[in-house]
Colleague: 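The following block contains the structure, expressed as structure tokens.
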Amino acid sequence: MSRKIYVLDTTLRDGEQVPGAKLNLNEKLEIARQLVKLKVDMMEVGFPSSSKGDFEAVKAIGQIAGKDVMVTGLGRAVKSDIDAIYESLRGAANPMIHIVLGSSNVHMEKKFSKSPTQVLEMGVEAVKYAKSLMPQVQYSLEDASRSDFEYMWKTIEAVVKAGATIINVPDTVGFAVPEEFGKLICKINDRLMNLNPNIILSVHCHNDTGLATANTLAAIRNGANKVECTINGIGERAGNTSLEEVVMGIKLHPKYYRGETNINIEEIYKTSRMVSAIMGLDVQVNKAITGENAFAHSSGIHQDGLLKSKEVYEIITPEEVGAPPMEIVLTARSGKHAFSYVTKKLGYNIPEIIEPEVYKSFLTMADQKKEVYDSDVMTLLESYTEITNNKEIKLWQLKGFQVTASSQVQIATVKLQKSEKMITRSESGEGAVDALYSAIIKAVDQSIDLMEYRIHNLGRGKESLGKVVVQIKHKEKLYQGKAIERDVMKASGIALVNAINKILVTQS
């Protein structure tokens, strides 16, 4: 029988500790509501004793989370911290007090200047007091992966008898390795089953050596039934365990991990992008599950295999996690199969006799542009009179633009062409890009919401290129557009037009 793996999200506590990622109350509430939609089992949303702002945020989130999500705040093993957690969460439908106290020699000697016996007594007294206030109490043995096992077990045994309902084993500094961490959790789990089988065994891993996800999954395999994660793996230093990686790992191998989560995986991508945008922390392009390139394919060999069957190179579909559809990226490495796929998607029939010539022209274009988009292919093919278009898909092309900016107003004028139709439109905006995008959206007359706008620098110095990636929503569907140009404003305009063109191709 499959066991439930509880997921605690600590994006709003540990994740927020990233320098520069501090959130205001409304931003925290927005993310918290999305975490409810994601169906996390628990969320840690702040450190109530640290500031009035954190206290109010924990209180507000506790009141909107509902009974299906347990809400907790973190505190030290001191009465004032525990009181702050209680006061902030006593109005919550499903609250928990979370106490953290070091268990390694380095923490006891260097951080607390206390003996192991004194630290153990602090923990027991803290749990007893917390238990008198709330029924759910989690105890975390900070720096557990560097702790003496017998002392750690003595502490676990004592705090469980004092009333702790969850024991959390953190790899606080990313010291652990999967095999050894798995053995540690297995050993603790065996003893816990004899002590009290109702206790939840949890892990909280950091990513200092890039092993947070591996350590967490090893722990699950060896008996842990709760994991602490953050969206996109954000957190102190190199970050925390990535929620999306652990959840999808379990999803792919439920028999191996002997468990499953309740996470609504279709909300993963949306949650990732929301956290990235609100915190101002970009998701690395090759990030597993949620990165820009997670479902993009540019290698000719891969593209050929995917076009024959997606199962050849995709073990997770983008639709599963709510991401935009798989993208075939045309580059100089793309083969004839991928190029043919795009031309047919656009409705073009290339006579067999000129196929080699057209493909050679495509490769020349690809060498110059790095990435080739639908509008580029259309321009290339329409230069050949022998090529016909069955679907008669007409795409927009950005023929020109001008942006006038001053300290008071920014105005953009765009000239767009679709077949024989030429439209010129001017709009103002709060910034140059806002004005440019307002003009383009008004010109194409489509109901579009801009969901994401990002700029990457390709190369070094003044000769570098600007790559712009945009994501838009139309009729509840996501579409992505990209462009690479020396002029980032031009790249911005073309990227949006390319995204709009994907709507037209999809609708054809």
Side-chain angles (χ1 to χ4, degrees), residues 293 295-310 312-314 324-400 415-422 444 458 465-470 479-487 490-491 493-508:
N293 291 343
F295 301 103
H297 307 271
S298 66
S299 162
I301 295 173
H302 283 227
Q303 290 172 341
D304 181 67
L306 278 161
L307 292 172
K308 289 171 180 171
S309 173
K310 288 186 178 182
V312 174
Y313 286 109
E314 281 192 355
M326 174 196 78
E327 184 179 12
I328 295 292
V329 181
L330 290 181
T331 69
R333 294 183 302 277
S334 297
K336 292 179 181 179
H337 193 182
F339 178 64
S340 177
Y341 165 79
V342 172
T343 60
K344 288 175 180 176
K345 179 186 71 172
L346 296 173
Y348 289 93
N349 289 321
I350 304 174
E352 189 174 341
I353 192 170
I354 65 168
E355 278 184 352
E357 179 189 343
V358 174
Y359 182 65
K360 185 178 179 181
S361 297
F362 156 71
L363 290 178
T364 300
M365 175 184 282
D367 280 331
Q368 294 171 345
K369 293 184 66 68
K370 292 201 174 195
E371 292 181 4
V372 177
Y373 307 109
D374 290 349
S375 58
D376 300 319
V377 174
M378 182 187 75
T379 300
L380 171 67
L381 298 183
E382 290 191 349
S383 67
Y384 289 84
T385 56
E386 306 97 319
I387 297 175
T388 58
N389 189 320
N390 286 339
K391 291 185 179 179
E392 295 188 353
I393 301 172
K394 302 302 180 185
L395 302 183
W396 289 104
Q397 289 182 293
L398 182 63
K399 288 298 187 180
K415 185 181 288 186
L416 290 168
Q417 183 174 0
K418 183 180 179 185
S419 188
E420 303 302 318
K421 182 180 180 182
M422 186 77 75
V444 301
L458 304 180
L465 298 171
K467 180 177 181 179
V468 174
V469 181
V470 301
Y479 301 88
Q480 192 175 74
K482 302 176 185 177
I484 299 173
E485 299 285 342
R486 293 206 186 281
D487 181 349
K490 184 178 180 181
I494 293 174
L496 179 58
V497 171
N498 286 338
I500 293 168
N501 282 337
K502 287 188 178 180
I503 300 174
L504 301 178
V505 172
T506 304
Q507 291 175 343
S508 64

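All values below come from the heavy atoms of this structure, side chains included, with hydrogens, waters and symmetry mates left out.
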Colleague: May I ask you to test the Q397-M422 pair for a side-chain heavy-atom distance under 4.5 Å?
Modeller: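 Heavy-atom side-chain distance check fails, nothing below 4.5 Å.
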Colleague: Can you name the closest pair of heavy atoms from E371 and T331 and give their distance?
Modeller: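 Looks like CG-CG2, 4.3 Å.
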Colleague: How about Y479 and T506: do any of their side-chain heavy atoms sit closer than 4.5 Å?
Modeller: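 Counting from C-beta outward, Y479 and T506 do come under 4.5 Å.
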Colleague: For Q480, what residues pass the side chain to side chain donor-acceptor pair (under 3.5 Å) criterion, not counting sequence neighbours?
Modeller: none
Colleague: Taking all non-hydrogen atoms of both residues into account, name the closest pair between A499 and G481 and its distance.
Modeller: CB-N, 3.6 Å
Colleague: To the nearest 0.5 Å, tell me how far L458 CG sits from L465 CG.
Modeller: 6.0 Å
Colleague: Is the number of heavy atoms from other residues, nucleotides or ligands under 6.0 Å of K394 NZ greater than 12?
Modeller: yes
Colleague: Looking at every non-hydrogen atom in both residues, tell me the closest pair between N498 and K482 and how far apart they are.
Modeller: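 Heavy-atom minimum between the residues: ND2-O, 2.8 Å.
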Colleague: Within the 4.5 Å heavy-atom criterion, are F362 and T343 side-chain neighbours or not?
Modeller: no
Colleague: What verdict does the side-chain contact (heavy atoms from CB on, under 4.5 Å) test give for V372 and F339, after you've listed the backbone C-alpha separation in whole Å, the side-chain angles of each residue and the deciding distance to 0.1 Å?
Modeller: CA-CA 10 Å; V372 177; F339 178 64; over 6 Å; no
Colleague: If we only count heavy atoms from C-beta on, is the N349 to I387 side-chain gap below 4.5 Å?
Modeller: no
Colleague: Grab the two heavy atoms, one from K467 and one from I484, that are nearest each other, plus how far apart they are.
Modeller: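 The pair with the smallest heavy-atom distance is CG-CG1, 3.8 Å.
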Colleague: Can you tell me how far the CG atom of L496 sits from the CH2 atom of W396, to the nearest 0.5 Å?
Modeller: 12.0 Å
Colleague: In Å, rounded to the nearest 0.5 Å, how long is the span from CG of D376 to NZ of K369?
Modeller: 4.0 Å
Colleague: Which residue, I500, L504, V377, forms the side-chain contact (heavy atoms from CB on, under 4.5 Å) with L395?
Modeller: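 Option passing the side-chain contact (heavy atoms from CB on, under 4.5 Å) with L395: L504.
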Colleague: Could you tell me which non-hydrogen atom of L363 sits nearest to which non-hydrogen atom of S334, and how far apart they are?
Modeller: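 Taking L363 first and S334 second, the nearest heavy atoms are CD2-O, 4.5 Å.
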Colleague: Is there a donor-acceptor contact under 3.5 Å linking the side chains of Y384 and S361?
Modeller: yes
Colleague: Please tell me if the side chains of I494 and V468 come closer than 4.5 Å, counting only heavy atoms from C-beta onward.
Modeller: no
Colleague: What is the minimum heavy-atom distance between A483 and A491, and which atoms define it?
Modeller: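 In this case the closest contact between A483 and A491 is CB-O, 3.3 Å.
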Colleague: Please examine the side chains of I353 and E386, heavy atoms only from C-beta on, and report whether any two atoms are closer than 4.5 Å.
Modeller: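 The answer is no, as the side chains (C-beta and beyond) never meet within the 4.5 Å cut-off.
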Colleague: Could you grab the distance from atom CD of Q417 to atom CG of L398, nearest 0.5 Å is fine?
Modeller: 11.0 Å
Colleague: Within the structure provided, determine whether Y373 and T379 are in side-chain contact (heavy-atom separation under 4.5 Å).
Modeller: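 Of all side-chain heavy-atom pairs linking T379 with Y373, none is under 4.5 Å.
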Colleague: Quick one: are N389 and M378 in side-chain contact, heavy atoms under 4.5 Å?
Modeller: no
Colleague: For the NZ atom on K418, are there more than 12 heavy atoms of other groups (residues, nucleotides or ligands in this structure) within a distance under 6.0 Å?
Modeller: yes
Colleague: Could you state the interatomic distance from CG (L346) to CD (E382), rounded to the nearest 0.5 Å?
Modeller: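 So the CG of L346 and the CD of E382 are separated by 9.5 Å.
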